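Just so it is clear, the model here is predicted, and its values are computed rather than measured. Every heavy atom of this structure was used, including side-chain atoms; hydrogens, water molecules and symmetry mates were not.
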Amino acid sequence: MLADMTDVPDAFGRLWTPHRMAYIKGENKPTGPGSGDGCPFCEIPKMDDADGLIVARGEVVYAVLNLYPYNSGHLMVCPYRHVPDYTDLDAAETAELAEFTQKALVTLREASGAQGFNVGMNLGHVAGAGIAAHLHQHVVPRWGGDTNFMPIVGHTRVLPQLLRDTRELLARAWPEKTS
């Protein structure tokens, strides 16, 4: 009986997001706080840019797309060094993290017409950090009307572009190093 109902059209449209199940189940989460405990932010720089979704590499930080974005173009700026807190950064890391954040804003405005941004860090698990052991700063582009009913009613985000396409677009638009 149930099998017969799976092909019956109804009044609802459905967006299937099976890739989110990995995030919900916590797959690929570090097994501990150390850099050798499966930290994705330590593993990503070992990959080529396309496979790691890396938009730009600096001397001590890199910019990477969020694998589970809030919006298309959701970037993170991460130090290569495995540190959990902003106060752990040295002067060079602090400066380049700030420079990359500025470049992310310029890039997203140019490449996608972003009209605003949410920029910030969640330091510690109690503050909402999904991976608290490795500092990362979020840069989330925003547009007028980008929030709709889907996250509230459907617990689903609608992203109009594949991550690889977004990475390619942003990598091409990333400003050249100025210093």
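- Ion pairing of Asp88 with Arg81 is absent here, as no side-chain N (NZ or NE/NH1/NH2) approaches a carboxylate O to less than 4.0 Å.
- What you find for Leu135 and Asp85 is that their closest heavy atoms are CD1-C, 4.2 Å.
- Lys103 places no side-chain N or O within donor-acceptor distance of the main-chain N or O of Ala63, the cut-off being under 3.5 Å.
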Please list every donor-acceptor pair under 3.5 Å in which a side-chain atom of residues 39-47 meets a protein atom from a residue at least two apart or in another chain.
| from | atom 1 | to | atom 2 | distance (Å) |
| --- | --- | --- | --- | --- |
| Glu43 | OE2 | Lys46 | NZ | 3.2 |

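- What you find for Leu65 and Leu170 is that their closest heavy atoms are CD2-CD1, 4.0 Å.
- By the criterion of side-chain heavy atoms lying less than 4.5 angstrom apart, applied directly or through intervening Ile, Leu, Val, Met, Phe, Trp or Tyr residues, Val106 is not grouped with Leu75; the two fall into different hydrophobic clusters.
- Ring geometry for Phe100 against Trp174 counts as tilted: the plane angle lies between 30° and 60°, on a 0 to 90° scale.
- Annotation: side chain of Pro79 is not in contact with side chain of Val60 (no heavy-atom distance under 4.5 Å).
- Nearest approach of Asp48 to Asp51, heavy atoms of both residues: OD1-N, 2.8 Å.
- A 4.5 Å side-chain heavy-atom check between Pro141 and Leu105 finds every atom pair outside the cut-off.
- The nearest pair of heavy atoms linking Ala111 to Ala173 is CB-CB, 3.9 Å.
- For the side chain to side chain contact (heavy atoms under 4.5 Å, CB included) criterion with Met76, the lone passing option out of Val55, Val64, Val139 is Val64.
- Across all non-hydrogen atoms, the minimal contact from Val61 to Glu96 is N-OE1, 2.9 Å.
- Separation of atoms CD (Glu93) and CD (Glu59) is listed at 12.0 Å; rounding is to 0.5 Å.
- A salt bridge is absent between Glu168 and Arg164: the closest approach of a Lys/Arg side-chain nitrogen to an acidic carboxylate oxygen does not fall below 4.0 angstrom.
- Taking hydrophobic clusters as Ile, Leu, Val, Met, Phe, Trp and Tyr residues chained together by side-chain heavy-atom distances below 4.5 Å, Tyr62 does not share a cluster with Leu169.
- Separation of the His136 and His138 ring centroids falls under the 6.0 Å cut-off.
- Not one N or O on the side chain of Asn71 forms a donor-acceptor pair closer than 3.5 Å with the backbone of His74.
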List the atom pairs, donor and acceptor, that lie under 3.5 Å between side-chain atoms in residues 115-130 and the rest of the protein, sequence neighbours left out.
| from | atom 1 | to | atom 2 | distance (Å) |
| --- | --- | --- | --- | --- |
| Gln115 | OE1 | Gly144 | N | 2.5 |
| Asn118 | OD1 | Arg142 | NH1 | 2.9 |
| His125 | ND1 | Ala129 | O | 3.3 |

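- With sequence neighbours left out, Arg109 forms a salt bridge (Lys or Arg N to Asp or Glu O under 4.0 Å) with no residue at all.
- In this structure, CG in Asp49 is found 5.5 Å from CZ in Arg167, a value given to the nearest 0.5 Å.
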